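Accompanying notes for the structure given below.
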Amino acid sequence: MILITGSAGFIGHALTNVLAKAGKEVVGIDNLNDYYNPDLKWSRLADAGISREEVEASGEAVSTRFPNYRFRKLGLEDRHGMGKLFQDFSFVKVCNLAAQAGVRYSLTNPLAYVDSNVTGFVNVLENCRKHEIEHLVYASSSSVYGLNDKVPFAESDPVDQPASLYAATKRSNELLAHTYSHLYQLPTTGLRFFTVYGPWGRPDMAYSLFSDAILNGRPIKVFNHGEMSRDFTYVDDIVEGLRRVLVTPRPPQLGVPNRVYNIGNGSPVSLLNFIEIMERHLGVTAEKEYLGMQPGDVEKTFADTTALEEDYDYRATTDLDEGIGAFVKWYREYYKV
Ligand SMILES: NC(=O)c1ccc[n+]([C@@H]2O[C@H](COP(=O)([O-])OP(=O)(O)OC[C@H]3O[C@@H](n4cnc5c(N)ncnc54)[C@H](O)[C@@H]3O)[C@@H](O)[C@H]2O)c1
């Protein structure tokens with residue numbers, strides 16, 4: 001049985017559907033917070049067969065689409081609730097995707113990051129330790145590379161110069177996981193995701209903000225005057241990476257069963273090129289408002305994915321044009337625009 005935290009989230013929903021469809025026993029949790037419109041989170045749950053009425057009435061529900069998927073509304077920082085969850089179910093593996101995401105919001109709401117990403121993550125680790133979980137896989141982020149300007153970013157690069165509190169909490173996850181692996185032999189694997197996009201994507205991310213502005217005739221904000229690049233990674237590629245890594249941890253290194261891998265496309269795209277691709281798929285030319293760099297942001301991300309390829313024989317393959325096409329198709333259907 002697998003626990004997926006953040007299962008109403010963008011990546012959690014996609015992973016849950018794939019594992020549940022493959023017949024795995026899955027329990028998902030999410031606190032359904034309003035960092036972005038919770039209706040999207042409920043819609044993702046509905047897509048996975050979870051009834052909003054039932055969750056609102058009793059706090060949990062079994063999927064009507066996948067009888068092997070059960071959802072419980074729960075926050076990671078609820079120490080008692082998390083303890084009970086691990087007692088109620090016999091988890092073998094845990095995939096922690098729940099987190100307070102977003103770089104910009106961490107400037108105005110730092111404590112939300114501490115609650116979910118630090119206190120909440122330690123609750124996950126403590127329960128994994130107590131219940132001798134076989135493998136904890138958790139989401140880290142390319143943002144841990146912070147002010148590092150050597151590209152591509154390799155796992156051996158220094159990660160001690162975070163540019164945002166979000167990045168600092170994600171790096172803290174890696175350090176906390178290492179500690180538990182060292183002290184208690186808990187197998188942990190962190191995956192540093194690089195800008196994930198695709199159907200059911202987050203409304204706070206540039207591709208959604210751009211689509212909303214472009215389709216509603218508003219100018220799009222182009223930060224750092226367009227001098228940015230991102231290693232965009234399609235959500236299905238992330239899910240396939242998670243699925244493979246979850247199967248088994250790699251053997252311990254120096255006696256510690258702890259690993260961290262980049263998972264990215266390995267081919268960064270400039271922001272202006274990205275906008276052109278979006279314009280083509282949306283069929284509209286965007287009006288652009290060129291602005292300076294946002295605090296907390298970094299100019300470029302670029303994943304060296306050799307380690308994941310060597311250890312798990314896996315690399316992301318979806319081409320940006322194809323992925324943006326799938327995103328725009330979903331966006332128009334979901335938002336009816
Ligand atoms: N999307 C990306 O580009 C990206 C890049 C790097 C890392 N990540 C990481 O991947 C993970 C998933 O990201 P996502 O894009 O799916 O984000 P998301 O916000 O859509 O999903 C996270 C989910 O976790 C839930 N959540 C937040 N705090 C919680 C808490 N304390 N208890 C229970 N549930 C909680 C939210 O309600 C949300 O549904 C996160 O850890 C994020 O930091 C994402």
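The structure presented is a predicted model; accordingly, all values stated were derived computationally and were not measured. Remember, it's 1-based here, ligands and their atoms both numbered in the order they're listed. Start at 1 with the first residue, then count along the sequence.
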Any idea which protein heavy atom is nearest [atom], and the distance to it?
| atom | answer |
| --- | --- |
| atom 35 (C) of ligand 1 | N31 OD1, 3.2 Å |
| atom 28 (N) of ligand 1 | S116 OG, 3.3 Å |
| atom 13 (O) of ligand 1 | I11 CD1, 3.9 Å |
| atom 11 (C) of ligand 1 | L97 O, 3.1 Å |
| atom 27 (C) of ligand 1 | A99 O, 3.2 Å |
| atom 17 (O) of ligand 1 | R202 CD, 3.2 Å |
| atom 37 (O) of ligand 1 | D30 OD1, 2.6 Å |
| atom 3 (O) of ligand 1 | V196 N, 2.7 Å |

[X] neighbourhood, listing ligand 1 atoms whose heavy-atom distance to it stays under 4.0 Å:
| X | result |
| --- | --- |
| A139 | 9 (C), 10 (O), 11 (C), 41 (O) |
| G6 | 23 (C), 24 (O) |
| E77 | 30 (C), 31 (N), 32 (N) |
| T195 | 3 (O) |

Indicate yes or no: at least one non-hydrogen side-chain atom of L242 is less than 4.5 angstrom from one of I11.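 Yes, close enough: below the 4.5 Å cut-off.
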
Check whether any N or O atom of [X], backbone or side chain, sits under 3.5 Å from an N or O atom of ligand 1, and answer yes or no.
| X | result |
| --- | --- |
| I29 | no |
| M205 | no |
| K41 | yes |
| G75 | no |

Whether [X] lies under 4.0 Å from ligand 1, heavy atom:
| X | value |
| --- | --- |
| Y166 | yes |
| Y36 | yes |
| A8 | yes |
| L32 | yes |

Would you mind checking if [Y] and [X] are paired as a salt bridge, meaning a charged N to carboxylate O distance below 4.0 Å?
| X | Y | result |
| --- | --- | --- |
| K288 | E279 | yes |
| K300 | D149 | no |
| D321 | R280 | yes |
| D297 | R104 | yes |

Stacked cation flag R192 on Y145, 6.0 angstrom / 45 deg: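 Yes - R192 lies over the ring of Y145, closer than 6.0 Å to its centre and within 45° of its axis.
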
Y312 ring centre to R244 NZ or CZ under 6.0 Å, with the angle to the axis within 45°?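 So R244 doesn't make the cation-pi contact.
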
Which heavy-atom pair separates D237 from I263 by the least distance, and what is that distance?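 Closest heavy-atom pair between D237 and I263: O-CD1, 3.9 Å.
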
What do we get for [X] next to ligand 1 when only non-hydrogen atoms under 4.0 Å count, side chain, backbone, both or neither?
| X | result |
| --- | --- |
| L76 | both |
| D115 | neither |
| S140 | backbone |
| K170 | side chain |
| Y35 | neither |
| L74 | backbone |

| task | Classify the angle between the aromatic ring planes of F86 and F91 as parallel (below 30°), tilted (30 to 60°) or perpendicular (above 60°). | result |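 Judged by the thresholds at 30° and 60°, the geometry between F86 and F91 is perpendicular.
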
- [ ] Not counting sequence neighbours, which residues clear salt bridge (Lys or Arg N to Asp or Glu O under 4.0 Å) with K130? List them please.
- [x]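 By the salt bridge (Lys or Arg N to Asp or Glu O under 4.0 Å) rule, K130 matches no residue at all.
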
For residues L40 and V328: do they belong to one hydrophobic cluster (side chain heavy atoms under 4.5 Å, members Ile, Leu, Val, Met, Phe, Trp, Tyr)?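 Yes, L40 and V328 fall within the same hydrophobic cluster.
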
Ring pair (Phe, Tyr, Trp, His ring centres under 6.0 Å) partners of Y334, counting only residues at least two apart: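 Partners of Y334 by the ring pair (Phe, Tyr, Trp, His ring centres under 6.0 Å) criterion, ordered by chain and then number, come out as W200, W330.
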
Q. Is a side-chain donor-acceptor pair under 3.5 Å present for T188 with N258?
A.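 Note: N258 and T188 side chains meet the donor-acceptor criterion.
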
| message | Closer than 3.5 angstrom, by distance alone: can the side chain of N265 be matched with the main-chain N or O of D231 as a donor-acceptor pair? | response |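 Not confirmed, N265 side chain does not pair with D231 backbone.
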
